[in-house]
Amino acid sequence: MSTDAQNRVRSWTLDPTVPTYRPPEGAVDAHCHVFGPAERFPFSAKAKYIPQDAGPDALFALRDRLGLNRSVIVQASCHGTDNSATLNAIAASNGSARGVAVVDPSISNDELEALHLGGMRGIRFNFLKRLVDDAPKDRFLEVAGRLPEGWHVVMYFEADDLEDLRPFIAALPVPVIIDHMGRPDVTQGPDGSDMRAFRALLDSRPDIHFKATCPDRLSASPGWDDFVQAVRPLVEDYPDRCLWGTDWPHPNMEQRIPDDGALVDMIPRIAPTPGLQQKLLIDNPMRLYWSEEWP
Ligand SMILES: O=C(O)c1cc(C(=O)O)oc(=O)c1
């Protein structure tokens, strides 16, 4: 696949608005990525998209513009199981970033320990067929059984796959964080079948968390109002389980590039009180990613 500049996509805006909402001091963007720089960190041969560079300098400049202070950098699928671009960004963050790795399940315990020292605090299992070629659940369970102390598993799957994945999730021996709430159909509203199934999952284990993220992916309504109506009750009912993130640089959103300032202005709409914002933006992500300094 060609990686020359003219064929590489840009899925993020170069001039995001400054948000109206000012996050509290210490707020965490708990879901973002870096792409490259490709000449130092080439993309995977299995990458389903080849983005332009979106490196640590751009990530941290955006974070400052949005009024956020910490980042959880999630290994993007375009980099496969080579976590060096993500580790590079964490190393450049002066302690303000942690990460989630994508590993080959045959990874050694020593390599997992090295990832911990590099700032990783979990591994990601991606089940989206449009993003990865295979997701061997038995091998995922094996490596999930020997993660460094304090790690968790992040999962990305679609709502239609939730029921099939319930036994796998139940078998995971570490806390779980669900990316983008497992992509519910927010047009069903807060009591639709997708949200009811997702709530049943959350009720099945006290250590399942979720990212109340990606209105740009999940909503087609003006102002993302259907996302707010479906997600705010979930944040209010599970205040100690929810995290928030920008999902910058918004992989695969080049046809519908979101404004990062508008994403930040969604926070008080889904977490309408300072107490909920404190949990969403600080307490919950700090407990999971900076447990050595929190509380
Ligand atoms: O929906 C997506 O296309 C997407 C892709 C990735 C990735 O490529 O890692 O991560 C996400 O959080 C969402």
Side-chain angles (χ1 to χ4, degrees), residues 1 3 8-12 28-36 38 41-56 59 62 71-90 97-104 120 122-135 140 152-162 165 176-186 194 209-220 224 227 231 242-258 260 263 266 285 289:
M1 181 177 290
T3 59
R8 293 168 60 186
V9 296
R10 177 168 60 79
S11 49
W12 60 97
V28 180
D29 179 350
H31 188 93
C32 52
H33 313 276
V34 287
F35 299 153
F41 308 109
F43 300 111
S44 162
K46 297 180 179 175
K48 305 302 185 203
Y49 58 93
I50 301 293
Q52 293 177 16
D53 288 349
L59 174 66
L62 175 73
S71 314
V72 178
I73 308 172
V74 177
Q75 171 78 353
S77 68
C78 57
H79 279 296
T81 56
D82 178 349
N83 294 279
S84 49
T86 303
L87 290 165
N88 172 63
I90 295 170
R98 290 274 157 89
V100 177
V102 173
V103 302
D104 183 304
M120 298 296 189
I123 55 175
R124 190 190 203 199
F125 296 147
N126 192 328
F127 289 92
L128 268 74
K129 294 176 181 58
R130 64 176 168 84
L131 294 174
V132 296
D133 295 331
D134 59 355
F140 284 167
H152 54 267
V153 159
V154 172
M155 289 179 67
Y156 191 29
F157 55 81
E158 294 180 303
D160 290 350
D161 297 328
L162 172 53
L165 286 169
V176 183
I177 306 178
I178 309 297
D179 279 342
H180 320 326
M181 300 165 285
R183 296 182 65 100
D185 175 355
V186 294
D194 286 358
H209 307 75
F210 62 92
K211 297 175 189 171
T213 40
C214 292
D216 51 313
R217 295 183 187 281
L218 302 179
S219 172
W224 300 322
F227 179 91
V231 172
C242 54
L243 300 97
W244 176 87
T246 57
D247 190 37
W248 189 87
H250 314 290
N252 299 303
M253 291 298 286
E254 57 272 12
Q255 305 302 327
R256 293 189 292 152
I257 296 180
D260 300 286
L263 290 169
M266 281 292 287
Y289 290 97

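Both counts, for ligands and for their atoms, begin at 1 and track the order of listing.
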Check if Asp179 has a non-hydrogen atom at a distance under 4.0 Å from any atom of ligand 1. no
Is the closest heavy-atom distance from Met253 to ligand 1 below 4.0 Å? no
Quick one: does any side-chain atom of Asp53 pair with a main-chain N or O of Gly55 as donor and acceptor, under 3.5 Å? no
Using 4.0 Å as the upper bound for N to carboxylate O, is an ion pair formed by Arg183 and Asp194? no
Is Lys211 paired with Asp247 through a side-chain N to carboxylate O contact shorter than 4.0 Å? no
For atom 2 (C) of ligand 1, grab the closest protein heavy atom and report residue, atom and distance to one decimal in Å. Arg217 NH1, 3.3 Å
At what distance is the nearest protein heavy atom to atom 6 (C) of ligand 1, and which residue and atom is it? Pro251 CG, 3.6 Å
Within the structure, does Tyr156 bring an N/O atom to less than 3.5 angstrom of an N/O atom in ligand 1? yes
For ligand 1, the portion of [X] having any non-hydrogen atom under 4.0 Å away:
| X | result |
| --- | --- |
| His250 | neither |
| Val74 | neither |
| Lys211 | neither |
| Lys48 | neither |

Is it true that His79 and His33 have ring centroids separated by less than 6.0 Å? no
Given Gln75, Glu158, Arg124, Arg130, which one has a non-hydrogen atom that is nearest to atom 12 (O) of ligand 1? Arg124
Below 4.5 Å, heavy atoms only, C-beta onward: do Pro51 and Cys78 meet side chain to side chain? yes
Which of the atoms of ligand 1 are close to His31, meaning less than 4.0 Å from one of its heavy atoms? 12 (O)
Quick check on contacts: which atoms of ligand 1 are under 4.0 angstrom from a heavy atom of Ser77? 7 (C), 8 (O), 9 (O)
Kindly assign one of parallel, tilted or perpendicular to the pair Phe125 and Phe140, based on the angle between their ring planes and the thresholds 30° and 60°. parallel
For Asp29 and Thr246, test the side chains for any donor-to-acceptor distance below 3.5 angstrom and give the result as yes or no. yes
